[in-house]
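Atoms within a ligand are numbered from 1 in the order they appear, just like the ligands themselves. Throughout, residue positions are numbered sequentially from 1 according to the sequence presented.
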Amino acid sequence: MRVTAESQRELGNDGAIDAMIITIDGPAAAGKSTAARLLAARLGFRYLDTGAMYRAAALAAIREGIDWKDPAQLESLADRIRLEWQGERLLLDGEDVTDAIRSPDVTEVTRFVADSPKLREKMAELQREIGSTCNLVTEGRDQGSLVFPHAECKFFLSADPHERAKRRVADYAAQGKAMTWNEVLQAILDRDRADASRPVGALQCPPDAVVISTDGLTVDEVVAKLEAVVRERQAGLSQAGSD
Ligand code: DC
């Protein structure tokens, strides 16, 4: 039997499941995106970067000149914008914004936009829709806790803020943007505080998540740890399915 819809998961249909949702949550710059993308490739699963979806909404807010601190304006934005994935490219109202959403300006605005309950609802709906059609590795802040509470496998990646700042400086440098380590560290600490104290969509470690600290580990080592846990779960699920 193939379980394809989250609604079916919610009915507790956890017998022979061969469609699988893997959630990877954690703070900014803990290495989630790279690890999630590589894990998905190794497993042959689809990869979903949910932060990109919030970034695209923030870009729309900037372009439309709306006040992103005004909940009513954000609600109407949520109703208007159309997001679509084409492979790993994200389209906002038909335009490829995959690169444009990575600017520091968009990063700064995204956290305000992500505070809108209506917008979060819409994003969660879209994410569940995607998860209902395929095996998925999805990465964000709320994937295991809120969007896919019945995911077969949940991870929470953590890393020391100093280490995360180092990684972000390297990411920016690769994009040709010079930022000092201190600036980036400050921004990360601010974001951690904001992400943890959000009224909706606060960063949470699901109680049933496997917590992995990425400090001192190479990307390959992180992915190997994740893959080992997933393979074990897969074996357990297929065993349960054949009983
Ligand atoms: O992971 P990222 O840096 O691309 O995330 C961008 C912003 O979106 C960040 O402020 C956290 C927010 N976000 C969220 O609120 N919920 C998610 N599922 C993913 C990201």
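- Considering only non-hydrogen protein atoms, atom 18 (N) of ligand 1 sits nearest to Asp142 OD1, 2.8 Å.
- Screening Glu152, Arg128, Gln143, Lys154 for a side-chain contact (heavy atoms from CB on, under 4.5 Å) involving Ile21 leaves a single residue, Glu152.
- Of the protein's non-hydrogen atoms, the one nearest atom 16 (N) of ligand 1 is Arg120 NH2, 3.0 Å.
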Legend entry - Evaluation steps, salt bridge (charged side-chain N to carboxylate O under 4.0 Å, His left out), between Glu227 and Arg231: CA-CA 6 Å; Glu227 190 181 359; Arg231 298 278 183 213; 3.0 Å; yes
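- Counting heavy atoms closer than 4.0 Å to ligand 1, residue Met53 contributes nothing at all.
- Atoms of ligand 1 found under 4.0 Å from any heavy atom of Ala114 (numbered from 1 in listed order, with element): 15 (O).
- For atom 20 (C) of ligand 1, the nearest non-hydrogen atom of the protein is Gly51 CA, 3.5 Å.
- Looking at atom 7 (C) of ligand 1, its nearest protein heavy atom turns out to be Thr110 CG2, 3.4 Å.
- Among all non-hydrogen protein atoms, the one lying nearest atom 12 (C) of ligand 1 is Arg198 NH2, 3.9 Å.
- Judged by distance alone, with hydrogens and angles left aside, the side-chain atoms of Asp142 form no donor-acceptor pair with the main-chain N or O of Gly201 at under 3.5 Å.
- Between Arg168 and ligand 1, no pair of N/O atoms sits closer than 3.5 Å.
- No hydrogens or angles considered: a donor-acceptor pair under 3.5 Å links the side chains of Asp96 and Thr98.
- At under 3.5 Å, a nitrogen or oxygen of Arg191, whether backbone or side chain, sits near a nitrogen or oxygen of ligand 1.
- A side-chain contact (heavy atoms from CB on, under 4.5 Å) with Met123 is found for one member of Glu121, Arg120, Gln127 and no other, namely Gln127.
- Taking distance alone, with nitrogen or oxygen atoms compared against 3.5 Å, Asp49 stays at or beyond that limit from ligand 1.
- Under 3.5 Å, the side chains of Ser76 and Arg80 contain a donor-acceptor pair of N or O atoms.
- In terms of modelled atom types and a separation under 3.5 Å, the side chain of Arg164 and the main chain of Ala29 share no donor-acceptor contact.
- At least one N or O atom of Arg55, backbone or side chain, sits closer than 3.5 Å to an N or O atom of ligand 1.
- One finds the OG1 atom of Thr50 at 7.5 Å from the CG atom of Asp25 (value rounded to the nearest 0.5 Å).
- Ranking the protein heavy atoms by distance from atom 19 (C) of ligand 1 puts Thr50 OG1, 3.4 Å first.
- With a 4.0 Å cut-off on non-hydrogen atoms, Met123 does not touch ligand 1 at all.
- Connection of Phe156 to Val137 is not established within any shared hydrophobic cluster, with ILVMFWY side chains joined at heavy-atom distances below 4.5 Å, either directly or through further cluster members.
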